[in-house]
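Encoded as structure tokens, the structure appears first; notes follow it.
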Amino acid sequence: MMAAPADGPLDRMWSRGRTSLRVRVARLRSKSFAIAQCALAAGIAWFIAADLLGHQTPFFAPIAAVVSLGTSYGQRLRRVAEVTIGVAVGVLLGDLLVFWLGSGWWQVSLVVALAMSLAFLLDGGQLLVTQAAVQSIVITTLIADPGAAFTRWTDALIGGCVALVAATVVPAAPLRRPREQASEVLRKVAALLRAAADVMVDGEVDHALEVLADARQTDYLIQELRSAADEGLDVVASSPFRVRHKGGLRRMVELVDPLDRSLRSTRVLVRHVAVSAYKKRAFPSSYPLVTRELAAAVDLVADELQADRMAVAAQPALLAVGMATAQVERSDALSVEVVLAQLRAVVADLLMLTGMGQLESTDALPPPR
């Protein structure tokens, strides 16, 4: 039977495009609540300022609400304060300069310089400085009506208050994401270990290189884990209704580093397995067996974290693998010995996910014979 033709450049480009589209859709789905929250807050801010208070075209209210909320949960209270103060500074300076000097290109330059300078003197963040400059431009060029200064500042305050209330309403999804992402990292570690065990047995160089290429594309998993952990902490910091989750999230954050190290150790293991396959160096028969046992133990850890539990139940399986690494045959080939060392490193890192400390997890592994 004739072999199927290899994918051409257009096929590979189309495949990357589909993958990129999936990533973008997933990103949109993860931000759908924040988008809906911003949209609703903008509408409510306009309704309060225009319909309840009777302000004429209160566009500062929805602008302040959207800018204050943003699409991330971090530093929302600070953003509300910076937007409100920034708008106040910009409106005040814009109104004063229009009243004294009129409007024109040099007045715009002057008011932007003064607004940003004053924002820096107030020790404001980047958002405060930017808002001060933007609002001063709007006042100087579009709304040269000093009599409406208080109304515009009130609109900004309304938007900030609506954003502040909306910020306390957050979904539970960001609180689940850290443990779900941690479980995904561990599933990948287990898959790489099983693939490496297969290469130890068959010695296929092409297969080894495919596994190595897969292992080298795993950095994004840790990046997403750190992002998920940070977002979870931001949620409990911005919402009084989620404070009870702070302890569990902080414990999850403490697991990020050992998860990162275990994935890195697995990548090193895969690389040396590939080197051994390339150089036709055979592994002792016990090595793939121990590697598969470790993959099974990693899956147990992933199951526990997925269920929002400290992986204490997986500790006996990990300790059994650690004991086995001390009893396997030794090899004269350096790349094979490095694989053994990395197996032990993965076990030690994963034991930290079961509640052990760093030194305790290392001491739990008996020295190789």
Flag the pair [X] / [Y] as yes when at least one side-chain heavy-atom distance between them is below 4.5 Å, and no otherwise.
X      : Y      : result
Arg226 : Leu221 : no
Arg330 : Glu337 : yes
Arg267 : Asp219 : yes
Val256 : Gln181 : no
Leu353 : Leu186 : yes
Glu304 : Val312 : no
Lys280 : Val205 : yes
Arg344 : Val321 : no

Please find the pair of heavy atoms, one from [X] and one from [Y], that lie closest to each other, and give the distance.
X      : Y      : answer
Thr325 : Leu343 : CG2-CB, 4.4 Å
Gly159 : Ala45  : CA-CB, 4.1 Å
Val211 : Leu192 : O-CD2, 4.1 Å
Ala277 : Gly203 : CB-O, 4.0 Å
Leu225 : Ala182 : CD1-N, 3.7 Å
Ala166 : Ala41  : CB-CB, 4.5 Å

Nearest-0.5 Å distance, [atom1] of residue [X] to [atom2] of residue [Y]:
X      : Y      : atom1 : atom2 : value
His55  : Leu53  : NE2   : CG    : 4.5 Å
Gln223 : Asp260 : CD    : CG    : 10.0 Å
Met200 : Arg281 : CE    : CZ    : 15.0 Å
Leu350 : Leu259 : CG    : CG    : 7.5 Å
Leu212 : Leu269 : CG    : CG    : 11.0 Å
Leu365 : Leu318 : CG    : CG    : 9.5 Å

With the 4.5 Å side-chain cut-off for hydrophobic clustering, are [X] and [Y] part of the same group?
X      : Y      : result
Ile158 : Phe47  : yes
Trp46  : Ile44  : no
Leu300 : Leu294 : no
Val201 : Val336 : no
Ile35  : Leu40  : no

(request) Sequence neighbours left out, what passes side chain to side chain donor-acceptor pair (under 3.5 Å) with Glu184? Give chain and number order. (result) none

(request) Applying side chain to side chain donor-acceptor pair (under 3.5 Å), name anything that partners Asp214, two or more places apart in sequence or on another chain. (result)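 Asp214 satisfies side chain to side chain donor-acceptor pair (under 3.5 Å) with Lys188 once adjacent residues are dropped.
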
(request) For the pair Met352 and Arg261, evaluate side-chain contact (heavy atoms from CB on, under 4.5 Å) and give the outcome as yes or no after the intermediate values. (result) CA-CA 11 Å; Met352 294 181 64; Arg261 289 196 299 270; 3.2 Å; yes

Can a donor-acceptor pair be found, under 3.5 Å and without considering hydrogens, that links the side chain of [X] to the backbone of [Y]?
X      : Y      : answer
Gln342 : Ser265 : yes
Tyr287 : Glu329 : yes
Arg271 : Thr266 : no
Ser183 : Gln306 : no

(request) Test Leu193 against every option in Val270, Val290, Thr291, Val273 by the side chain to side chain contact (heavy atoms under 4.5 Å, CB included) rule and name the one that passes. (result) Thr291

(message) Using a strict threshold of under 4.0 Å (side-chain N to carboxylate O), is an ion pair present between Arg264 and Asp349?
(response)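 Looking at Asp349 and Arg264, the cut-off is not met.
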
(message) Evaluate Leu305 against Glu180 for side-chain contact (heavy atoms from CB on, under 4.5 Å), listing each step before the verdict.
(response) CA-CA 8 Å; Leu305 293 185; Glu180 291 173 351; over 6 Å; no

(message) Show me the pairs that pass side-chain hydrogen bond (donor to acceptor under 3.5 Å, both in side chains) and involve residues 195-212, at least two apart or across chains.
(response)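 Checked against side-chain hydrogen bond (donor to acceptor under 3.5 Å, both in side chains) - neighbours excluded - the pairs reaching residues 195-212 are Asp198-Arg292.
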
